[in-house]
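Letters A, B, ... mirror the listed sequences (proteins, then strands); counts begin at 1. Side chains included, hydrogens not; waters and symmetry mates left out as well; all remaining heavy atoms used. The model shown is predicted, which means the values in this text are computed figures rather than measured ones.
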Amino acid sequence: MATEKEILEARRNRAQELEKSGTALFPARVPRPLDSIPQLIAGHADSSAESLEASRQLVRIAGRIVGLRSFGKASFVSLQADGQQLQVWMKRDQVSAERYTEFKLYEVGDFVWAAGPLIRTQKGELTVDVQEFGFLAKSYRPLPEKWHGLVDVEQRYRQRYLDILTNPDTRRMLELRSRAVSTIRTILEERSFLEVETPILQPVYGGANARPFTTLHNTYEETLFLRISFELYLKRLIIAGIDRVYEIGRDFRNEGISKKHNPEFSMLEVYQAYADYTDMMELTETLVAETARRVLGTTQVERDGEMLELAPPWPRRSMAELIQEACGVNIREARTLEALRGAIKSAKISNIDADSTPTWSVLVDELFSKHVEPKLMQPTFVLDYPAELSPLAKRHADQPDLVERFEAFIGGMEIANAFSELNDPDDQRARFLEQAQAAAEGDEEAHPIDEDFLRALEHGMPPSGGMGMGIGRLTMILTGASHLREVKVFPHLRKRDG
RNA sequence: GGGCGCGUAGCUCAGCUGGUAGAGCAGCGGACUCUUAAUCCGCCGGUCCCCGGUUCGAGCCCGGGCGCGCUCACCA
């Protein structure tokens, strides 16, 4: 018997036998109170066999059978709950021959409870010396192979529950991500920010340059878009006088998948009135460093063998000076497309096709993302982006072709993006029109015009700073993960037929 | 989307120059009251990803497809 069908039949048959012997396979009630396995383990890390013997503490635990070492008239069973395992020792003499026969029908994967005194075995293992036990839930399918565990990458993601169940690292990642998000909420609450939930289905998408997912509302016969950012709604709330506001939620972008990209991803967006992008720098570095400190207990993380120091202050570097350093091209002198093309050619920059790049800004962006970004390992704020690439950011007072914007990079990856928010409705309209022009010329990621948002802006918006941070990428930095899907609970995989 | 690689038992893997499929774990039967990858004896288990081709003969070679990984491109 070893085909999948036969293994499943064997488990079904054993379940039937159990049921015939009067055991409910899926009982509704669990005996209470239950002791927590992690708490028992932590509480008795130093308890000796003698002290346990002396106190004879009676405990009751419940969990999934993940290991079964069976002898003729006794068995050791590993029970797992809350991600940790505690051994129970089942002896025929102690539980009665009849009940031991029933127990022999239990198998790896099933859920059970067991009660008895806590002891330490001769080998020193903390163990429940079972006096009473019972069945809690049947598992009809086997767990992954116990020694190698689940290693097939595809199956790890297609059946993530098995990955989480059997790979402690995956569980630790989930716990860490959860604590990171809750720490971010705590810090923002400490600073009096209000958390809101804005629409995911939007009549006009915006706040970023990306292609959206499109859907249809049947009743209103209305085309709706899954949001690509929360930005324009949160700014409406700034206009509404919610001076410190944030949202943690999901964005959707109909684009490629890579180590750093997924079509749906979690974002934090924060907006603060009477502030600008320098305030956002302080907030960003504090959020990242404080989250690391509270979750990991340190502000130092390792990435590809390099130690990263997340503690503030992070260096503030202008995009121009970083490009100058990396490529020897001075974008402040080469201010036109032709001049920049010439500078790139004379500097002999590799893998940039200067002639086919349509605008000065896009060429600058190319230089930056290919030659600077991958090298930004230690946390770094990159400041002062071309206005053309940032239709929602306020212009520099003295350099109107640049905007007050920064992106924060860690480990060669963009972690956050922020600006002094554009609050001049006429300039905003002009920027939208530029975007409409780009769209007309075929730029599928151009920002659409949002008349409703412009109307709101005309009512008046205070000077404000805004910042967006990728939760998944932050988690990658905190865990050292090399791929975004590692820090997602259920990453997207192609649909499989059959 | 392009390039490279992979797909063999439920799981983890091996399979020579093309000669008719193998191990460990899991499963089944048996022994066993201090194991923790328990041990020992025996047994069962295959659409070699799919379709087509070459060949006396294909897991292996060729063509097409599907899925996955890496990578480049795209993309915050």
Side-chain angles (χ1 to χ4, degrees), chain A residues 1-14 49 66-80 85-95 97 100 107-109 119-127 129-130 140-159 162 166 207-211 228-229 251 253-263 265 267 351 353 365-366 368-370 373 382 385 389-390 405 407-409 413-417 443-445 468-470 472-473 482-485 491 493-498:
Chain A
M1 288 205 192
T3 64
E4 182 173 25
K5 186 167 168 258
E6 287 164 329
I7 289 173
L8 296 184
E9 271 172 16
R11 293 184 81 95
R12 290 275 172 179
N13 289 339
R14 213 173 287 107
V66 293
L68 201 48
R69 296 169 294 282
S70 182
F71 300 79
K73 302 183 183 68
S75 298
F76 291 97
V77 186
S78 300
L79 292 190
Q80 177 172 307
Q85 297 174 15
L86 188 59
Q87 173 173 276
V88 308
W89 192 13
M90 189 79 70
K91 289 172 289 186
R92 195 177 74 163
D93 288 353
Q94 189 154 294
V95 299
Y100 194 74
E107 58 194 329
V108 172
I119 60 160
R120 211 172 267 288
T121 61
Q122 284 172 17
K123 296 281 165 65
E125 178 92 8
L126 191 66
T127 299
D129 188 15
V130 180
Y140 287 129
R141 283 180 184 274
L143 295 179
E145 194 246 15
K146 64 185 167 188
W147 180 235
H148 298 90
L150 191 61
V151 297
D152 178 69
V153 177
E154 182 178 356
Q155 206 189 345
R156 276 188 56 211
Y157 293 115
R158 286 205 193 275
Q159 291 184 278
L162 294 180
T166 56
N209 295 74
R211 293 159 66 181
I228 60 172
S229 89
D251 277 339
R253 299 187 185 176
N254 207 338
E255 288 164 351
I257 297 176
S258 80
K259 285 183 174 195
K260 305 175 193 174
H261 300 88
N262 199 71
F265 60 100
M267 279 283 282
N351 68 31
D353 185 4
D365 193 49
E366 280 267 290
F368 179 77
S369 52
K370 283 192 177 149
E373 180 174 337
V382 178
Y385 282 66
L389 299 174
S390 318
R405 172 182 181 185
E407 292 184 333
F409 291 86
M413 206 164 41
E414 182 205 332
I415 294 295
N417 177 25
D443 182 354
E444 290 186 90
E445 283 147 23
M469 188 184 293
R473 290 186 180 178
S482 60
H483 204 298
L484 192 55
R485 67 168 176 232
L493 292 173
R494 202 179 295 264
K495 194 165 91 184
R496 207 177 204 188
D497 30 76

Legend entry - Nearest heavy-atom neighbours spanning A:M90 and A:Y100: O-CE1, 3.6 Å

Legend entry - d(CD, A:E107; P, B:G10) in whole Å: 18 Å

Legend entry - B:U20 pairs with, by Watson-Crick or G-U criteria that keep both distances under 3.5 Å: none

Legend entry - Inter-nucleotide P distance (B:U54, B:G63), Å rounded: 15 Å

Legend entry - Nearest-Å distance for atom pair CG/P, residues A:L143 and B:A37: 17 Å

Legend entry - 4.5 Å side-chain heavy-atom contact, A:M267 and A:R473: no

Legend entry - 5' priority, RNA chain B, between A:H261 and A:V108 [closest heavy atom]: A:V108

Inset, instruction - Between A:R211 and A:W89, name the one whose nearest nucleotide on RNA chain B is closer to the 5' end. - result: A:W89

Inset, instruction - Ignoring the backbone of A:S258, work out which of B:G27, B:C74, B:U36 is nearest its side chain. - result: B:C74

Inset, instruction - State, to 0.1 Å, how close A:R253 and A:S229 come at their nearest heavy-atom pair, and which atoms those are. - result: NH2-CB, 4.3 Å

Legend entry - For A:R141, all residues meeting side-chain hydrogen bond (donor to acceptor under 3.5 Å, both in side chains), sequence neighbours excluded: A:E4

Legend entry - Any residue meeting side-chain contact (heavy atoms from CB on, under 4.5 Å) with A:D365, in chain and number order, not counting sequence neighbours: A:L389

Legend entry - Options B:C74, B:U36, B:G27, nucleotide nearest the side-chain atoms of A:E366: B:C74

Inset, instruction - Would you mind telling me which of B:U36, B:C75, B:G10 lies closest to the side-chain atoms of A:E125? - result: B:U36

What N/O pairs connect the protein and nucleotides 69-72 of chain B at under 3.5 Å? Give each pair on its own line.
unit_1, atom_1, unit_2, atom_2, d
B:G69, OP1, A:R485, NH1, 2.8
B:C70, OP1, A:R485, NH2, 3.1
B:U71, OP1, A:K259, NZ, 3.1

Legend entry - Between B:U12 (C1') and A:L162 (CG): distance, integer Å: 15 Å

Inset, instruction - With P as the reference atom in both, quote the distance from B:G15 to B:C6 in angstrom, rounded to an integer. - result: 12 Å

Legend entry - Gap between atoms CD and P, on A:Q159 and B:U12 respectively (whole Å): 11 Å

Legend entry - Sugar-phosphate, base or nothing in reach of A:Q85, heavy atoms under 4.0 Å: nothing

Inset, instruction - Determine the Euclidean distance between corresponding P atoms of B:U12 and B:A26; express it in Å to zero decimal places. - result: 15 Å

Legend entry - Between B:G30 (P) and A:F71 (CZ): distance, integer Å: 18 Å

Inset, instruction - Just call it for A:S78: base, sugar-phosphate, or nothing, with non-hydrogen atoms closer than 4.0 Å on any strand. - result: nothing

Inset, instruction - Check the distance between B:G27's P and A:E6's CD and give it to me in whole angstrom. - result: 14 Å

Legend entry - Counterpart base for B:C61, defined by Watson-Crick or G-U wobble contacts under 3.5 Å: B:G53

Inset, instruction - May I ask you to say what A:A210 touches in the nucleic acid, namely base, sugar-phosphate or nothing, with a heavy-atom cut-off under 4.0 Å? - result: sugar-phosphate

Inset, instruction - When you get a sec, tell me which of B:C34, B:G45, B:U36 is the closest nucleotide to the side chain of A:R69? - result: B:U36

Inset, instruction - If B:G45 has a Watson-Crick or G-U wobble mate with both distances under 3.5 Å, name it; if not, just say none. - result: none

Inset, instruction - Grab the CZ-P distance between A:R156 and B:C11 for me, whole Å please. - result: 16 Å

Inset, instruction - Compare the minimum distances between each of B:U36, B:C32, B:C74 and the side chain of A:T121, then state the nucleotide with the smallest one. - result: B:U36

Legend entry - C1'-based separation of B:G22 from B:G64 [nearest Å]: 31 Å

Inset, instruction - Pick the C1' atom in B:G19 and in B:G24, then give their distance to the nearest Å. - result: 27 Å

Inset, instruction - Can you establish whether the number of heavy atoms outside A:R211 located under 6.0 Å from its atom CZ is more than 12? - result: no

Legend entry - Inter-nucleotide C1' distance (B:G46, B:C13), Å rounded: 15 Å

Legend entry - Sugar-phosphate only, base, or nothing, as touched by A:S70 at under 4.0 Å among non-hydrogen atoms: base

Inset, instruction - For A:S70, enumerate each residue passing the side-chain hydrogen bond (donor to acceptor under 3.5 Å, both in side chains) test, keeping only those at least two apart in sequence or located in another chain. - result: A:S75, A:K104

Inset, instruction - Just jot down the salt bridge (Lys or Arg N to Asp or Glu O under 4.0 Å) partners of A:R156, sequence neighbours excluded, or say none. - result: A:D163

Legend entry - Base partner of B:G67, which must satisfy Watson-Crick or wobble distances under 3.5 Å: B:C6

Legend entry - Between B:C44 and B:A21 - P atom distance, rounded Å: 15 Å

Legend entry - Interatomic distance at P, B:A14 relative to B:A58, whole Å: 24 Å

Legend entry - Minimum-distance pair of heavy atoms, taken over all atoms of A:F76 and A:T121: CE2-CG2, 4.1 Å

Inset, instruction - Calculate the interatomic distance between A:L8 atom CG and B:C11 atom P; express it in whole Å. - result: 11 Å

Inset, instruction - Applying side-chain contact (heavy atoms from CB on, under 4.5 Å), name anything that partners A:I119, two or more places apart in sequence or on another chain. - result: A:W89, A:T127, A:D129

